[in-house]
Amino acid sequence: MEELLSLFNFDIHFPITDPTWIFFLVLVIILFAPILLERLRIPHIIGMILAGVIVGEHGFNILARDSSFELFGKVGLYYIMFLAGLEMNMEDFKSIRGKATVLGLLAFIFPLGIGVWTNINLLGYGLITSVLLASMYASHTLIAYPIVIRYGINRQRAVSIAVGGTAVTDTLTLLVLAVIGGMYKGETSEMFWIWLVLKVLVLSLLIVFFFPRIGRWFFRRYSDHVVQYIFVMAMVFLGAGLMEFVGMEGILGAFLAGLVLNRLIPHVSPLMSHLEFVGNALFIPYFLIGVGMLINVNVLLGHVNSLKVASVMIVVALLGKWIASWATQKLYKMRAVERELMFGLSNAQAAATLAAVLVGYNIILPDGERLLNEDVLNGTILLILVTCVVSSFITEHAAKRIAMDDTPVEDEKSQEKEKFLIPVANPETLDNLMNLALVVRDEKLSDNLVALSVINDSADSDRLEMRGKRNLERAAQITAATNVGLKTVTRFDLNITTGILHTAKEYDATNIIIGLHYKMSIVDSFFGNLTENLLKNTHLQVMVARFLIPVNTLRRIIVAVPPKAEFEHGFTKWITHLCRMSSQLGCRVHFYAHPQTLGYIRGYIAKKHKDTRTAYSELEDWDDLLILTGQVNYDHLLVIVSARRGSISYDSSFERLPMQVSKYFNNNSIMLLYPGQKGDPNDMLSFSDPRGWAETQYYDKVGNWFYKWFKKNS
């Protein structure tokens with residue numbers, strides 16, 4: 001083997017030191033780690049750290065932690081703190097500054113106080129080490145904030161208080177960290193504390209006063225996005241450098257720069273997108289991998305003291321945040337579910353915690369020991385993992401309950417300007433899709449149908465364009481026969497899904513009707529890539545239909561509705577569409593649903609569509625869906641009201657839906673209906689949201705199992 005390698009001039013030694021291969025391997029980790037970890041339901045921030053453990057000197061020793069990790073690691077650390085400040089909602093903080101300040105102070109004082117006592121008495125650390133370690137418990141990162149956005153409750157006062165409290169808590173934590181770091185950068189004398197406080201106050205005031213004014217002047221004169229990006233990064237490192245110049249930690253300067261530039265960089269601006277993109281794509285992953293390379297798993301697994309440290313850290317961090325949330329709730333007479341939401345948002349440890357542990361780990365005491373030893377470094381990784389999971393789980397449950405309590409069944413006003421988009425690609429399904437659109441549309445509107453042909457812009461585009469024109473002509477003939485207008489659109493795009501999504505935006509479509517994917521091979525998925533990507537990237541109502549008989553020959557519509565479907569944004573819309581379909585076809589609609597959901601359906605139909613022929617049956621458990629196999633005949637249409645992952649009515653049993661449909665309802669006409677939702681889809685991988693949200697449904701499933709078990713045995 002060595003002769004073969006020498007023949008090709010391969011001279012491989014571990015750890016790899018060549019900069020080209022180091023950078024290549026880091027990029028490979030950044031590329032593939034999230035893909036693999038998403039399948040394992042591991043939070044992204046933990047996954048990157050674990051990747052660093054594997055390739056580092058304490059793992060397989062593939063890479064050495066060279067100067068590139070020092071450089072990019074420091075940039076990534078500043079980037080994390082800068083984004084943390086940049087993403088603070090200062091407007092929300094202003095409106096509830098009093099309550100937010102109280103929560104922030106309590107969330108800092110309780111974890112710090114409990115932490116100092118436990119660190120001294122249970123772990124045997126000195127005072128300075130105990131204070132620095134306790135300050136890590138006090139900090140938190142809003143990794144669960146995307147969850148409240150998804151449920152549309154981000155304007156709730158509990159959310160605003162938690163977000164505002166984060167600014168207070170993290171600022172105090174970073175001040176403690178900066179002061180302790182500053183103590184070991186210079187000689188401590190009688191005047192040390194006075195000079196340190198004065199320098200920090202003066203420099204902070206200079207940053208707060210001059211940075212926004214400089215930024216506003218610059219943005220008014222230069223609109224180029226690249227130039228703006230470089231300017232912002234220069235300001236971040238200027239702030240960090242000035243803090244280090246006066247003897248403090250640079251992360252405090254980066255955090256302050258993010259806070260003061262907050263107003264100048266809107267969250268929906270291209271500049272914000274560029275800042276998040278570069279950080280999430282390169283600098284922050286590089287930093288996290290570098291952190292992982294410091295971790296010695298043997299210390300964690302081989303020493304009882306290491307597990308003891310990790311256990312104390314986790315318990316104190318969770319307990320301190322819960323007490324702070326409980327005290328805030330009692331003080332302002334808030335609901336218990338609001339306390340749960342504040343606790344869920346404020347207990348996740350990530351950015352500032354990593355910053356604190358690395359600062360303490362890099363401080364060498366006069367006796368040669370580190371201020372924070374390897375036990376703390378390894379325990380921090382477990383602390384981040386546990387708190388991220390707990391934060392996601394609790395926030396998900398609280399947000400769902402608040403959304404259900406505060407969401408009334410909607411009126412029909414949102415349906416006045418509805419428009420259906422029908423992508424036509426398969427001539428065999430075209431007729432039935434157009435006929436479906438005709439029977440569910442509002443007859444009072446004259447221009448609410450759009451037929452679309454998306455053509456791949458490739459070498460074969462001429463032939464595809466001709467076929468697309470024929471499909472659009474056929475669609476126009478079908479609607480013309482019923483005196484209904486149809487807008488036909490031909491679009492060239494490299495990606496079919498993006499072609500559909502862009503057309504939907506351009507023509508203000510509110511509903512999309514597509515045909516069910518036909519499996520071409522055994523490895524092909526049930527929905528196919530097009531439908532899966534479409535459902536992932538739009539919150540419009542989507543009807544995925546497969547008809548074995550013409551639409552006008554259907555004799556009955558069987559509708560399976562999941563529990564809590566009444567709390568979805570598009571609940572009344574799909575009921576209206578099915579009632580129109582029933583009226584047009586002269587057939588009965590039979591609803592199978594949970595008793596509570598049936599009450600909402602029955603009440604809405606009685607109020608708005610009382611002439612519809614209906615029947616109602618209870619479906620207590622969604623897992624009993626297969627009882628419908630004996631109810632659906634060949635001339636029936638089975639409508640299964642599904643839900644996107646993360647929505648209120650989503651259930652983990654939906655993952656078995658493709659298998660159940662293909663196995664038990666393969667000989668039936670079927671329509672899978674995904675109700676419209678509020679907001680915009682946000683499935684982008686982000687290390688400012690290191691948790692992601694795909695794993696929460698699995699934690700939800702485990703939580704429900706424990707709930708049923710305790711209820712059964714109580």
Side-chain angles (χ1 to χ4, degrees), residues 74-97 100 141-143 145-146 148-149 154-155 159-160 162-171 174 203-243 250-285 287 350-352 355 679-682 684-690:
K74 197 158 192 177
V75 174
L77 179 58
Y78 290 163
Y79 223 110
I80 282 183
M81 300 314 301
F82 169 65
L83 288 180
L86 197 62
E87 294 181 355
M88 293 288 179
N89 193 328
M90 303 309 292
E91 292 301 322
D92 285 350
F93 178 72
K94 283 186 175 181
S95 63
I96 39 81
R97 60 169 66 94
T141 305
L142 291 169
I143 65 166
Y145 189 69
V148 300
I149 293 177
N154 49 308
R155 293 298 178 183
V159 176
S160 299
V163 172
T166 300
V168 176
T169 303
D170 284 357
T171 301
L174 289 176
L203 182 56
S204 298
L205 290 174
L206 289 175
I207 291 176
V208 171
F209 182 81
F210 284 109
F211 275 32
R213 287 165 173 78
I214 296 172
R216 191 173 290 108
W217 172 85
F218 188 90
F219 289 147
R220 285 173 180 170
R221 284 161 178 78
Y222 301 97
S223 59
D224 183 81
H225 298 317
V226 175
V227 175
Q228 289 183 348
Y229 176 84
I230 299 299
F231 167 77
V232 170
M233 294 309 301
M235 298 299 287
V236 172
F237 282 88
L238 176 60
L242 289 174
M243 278 294 174
I251 55 175
L252 178 60
F255 182 73
L256 282 176
L259 286 177
V260 298
L261 294 177
N262 193 296
R263 282 178 170 271
L264 303 178
I265 306 175
H267 285 222
V268 293
S269 65
L271 179 57
M272 185 67 173
S273 178
H274 296 158
L275 288 167
E276 291 183 335
F277 173 79
V278 176
N280 293 325
L282 184 61
F283 293 128
I284 296 176
F287 161 68
D680 293 316
N682 185 13
M684 185 184 74
L685 170 63
S686 171
F687 288 94
S688 57
D689 171 25

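For the numbers below, each heavy atom of this structure counts, side chains included, while hydrogens, waters and symmetry mates do not.
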Trainee: Mind listing the closest non-hydrogen atom pair of Gly279 and Pro285 along with its distance?
Mentor: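 Heavy-atom minimum between the residues: O-CD, 3.3 Å.
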Trainee: Just verifying a value: how many Å separate Met233 CE and Leu238 CG, rounded to the nearest 0.5 Å?
Mentor: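 It comes to 12.0 Å.
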Trainee: So which atom in Phe218 and which in Gln228 form the shortest heavy-atom distance, rounded to 0.1 Å?
Mentor: CE2-CA, 4.2 Å
Trainee: Stepwise, does the side-chain contact (heavy atoms from CB on, under 4.5 Å) test hold for Phe82 with Val232?
Mentor: CA-CA 10 Å; Phe82 169 65; Val232 170; 3.5 Å; yes
Trainee: Do Phe211 and Leu206 have side-chain heavy atoms sitting under 4.5 Å apart?
Mentor: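 Contact flag for Phe211/Leu206 side chains = no.
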Trainee: Using 0.5 Å steps for rounding, measure from the CG atom of Leu205 to the CZ atom of Phe210.
Mentor: 10.5 Å
Trainee: Indicate, with yes or no, if the rings of Tyr222 and Phe231 have centres closer together than 6.0 Å.
Mentor: no
Trainee: Would you name the heavy atoms of Asn262 and Leu259 that are closest together and state the gap between them?
Mentor: CB-O, 3.1 Å
Trainee: Considering all heavy atoms of both residues, which atom of Val236 and which atom of Ala257 are nearest to each other, and what is their separation?
Mentor: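 The answer is CA-CB, 4.1 Å.
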Trainee: How far apart are the C-alpha atoms of Phe287 and Val75, what are their side-chain angles, what is the distance that settles it, and do they pass the side-chain contact (heavy atoms from CB on, under 4.5 Å) test?
Mentor: CA-CA 8 Å; Phe287 161 68; Val75 174; over 6 Å; no
Trainee: Look only at the side chain of Tyr79 and the backbone of Lys74, and say whether a donor-acceptor pair between them is shorter than 3.5 Å.
Mentor: no
Trainee: Just verifying a value: how many Å separate His274 NE2 and Ile230 CD1, rounded to the nearest 0.5 Å?
Mentor: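 Atom-to-atom, His274:NE2 and Ile230:CD1 are 12.0 Å apart.
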Trainee: For the pair Val260 and Met235, evaluate side-chain contact (heavy atoms from CB on, under 4.5 Å) and give the outcome as yes or no after the intermediate values.
Mentor: CA-CA 11 Å; Val260 298; Met235 298 299 287; over 6 Å; no
Trainee: What distance separates Leu203 CG from Leu256 CG, expressed to the nearest 0.5 Å?
Mentor: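 These two atoms lie 8.0 Å from each other.
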Trainee: Can Arg213 be said to sit on top of Phe209's aromatic six-ring, NZ or CZ under 6.0 Å from centre and within 45° of the ring axis?
Mentor: yes
